[in-house]
Amino acid sequence: MFKNIVLAYDGSEYSQKALQRAKAIAERFEATLWLVHVFRNPSDLLGYTDFEKLFAKRKSAAQAVLDDARQELGRTTFTVQEKLQDGLETESILKVAENCKADLIVMGTRGLGTVKGLLVGSVSRKVIHLAECPVMVVH
């Protein structure tokens, strides 16, 4: 039923729960799991002398988040593909889902954003409304 599953992962408590759910589904269906982490490109600082350093620092921190997720997955019986994206979260997640022909997107209800207490975070809400495949939001 599922061949390609996109997991949007930001290291938050809810994305860790989503990781476990996505792992179980990928194991059951022998699907490819596309592990996606999006970091913000400091494009507003483009042209400043420290832009390259800041970009490299953000990219390195983002790669560490992906590495943690990979470690959390442990040994798997299914294929895992990593996608480190810079840009806007919703658009980046949807782009990966489209490119890999995702059958399912799995993500946490809320991420590491600044607004707490919402049942569903803004990125989750946007992905639910714009995705062309089913979206599983894990609480």
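These values consider heavy atoms only, across backbone and side chains, with no hydrogens, waters or symmetry-generated copies.
Look at E91 and K95 and you find no salt bridge, because none of the NZ, NE, NH1 or NH2 atoms lies under 4.0 Å from a carboxylate O. Using a cutoff of 4.0 Å between basic side-chain nitrogens and carboxylate oxygens, E72 and K23 are not scored as salt-bridged.
To the nearest 0.5 angstrom, N4 atom CG is 9.0 Å from K101 atom NZ.
Pairing each heavy atom of V38 with each of E89, the nearest pair is CG1-CA, 3.8 Å. Closest non-hydrogen pair, G108 versus S124, comes out as O-OG, 2.8 Å. Shortest non-hydrogen contact noted between L73 and T76 is O-CG2, 4.1 Å. For the residue pair V6 and A97, the shortest heavy atom distance occurs at CG2-CA, 3.8 Å.
Considering only residues two or more places apart in sequence or on other chains, N99 meets the side chain to side chain donor-acceptor pair (under 3.5 Å) condition with none of them. Scanning for ring-ring contact (aromatic ring centres under 6.0 Å, His included) contacts around F29 gives F2, with sequence neighbours left out.
When the options I105, L7, L88 are evaluated for a side-chain contact (heavy atoms from CB on, under 4.5 Å) with I93, the one that passes is I105.
Residue-environment remark: CD (Q63) exceeds the threshold of 12 foreign heavy atoms within 6.0 Å. Summarising the local packing, CD of E27 is surrounded by more than 12 heavy atoms from other residues, nucleotides or ligands at distances under 6.0 Å. Open room surrounds CD on E30; 12 or fewer heavy atoms of other groups in view lie less than 6.0 Å from it.
A donor-acceptor contact closer than 3.5 angstrom is absent between the side chains of D67 and Q71.
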Pair V127, M107 - check side chain to side chain contact (heavy atoms under 4.5 Å, CB included), show working. CA-CA 9 Å; V127 170; M107 58 193 314; 3.8 Å; yes
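Judged by distance alone, with hydrogens and angles left aside, the side-chain atoms of H37 form no donor-acceptor pair with the main-chain N or O of V65 at under 3.5 Å.
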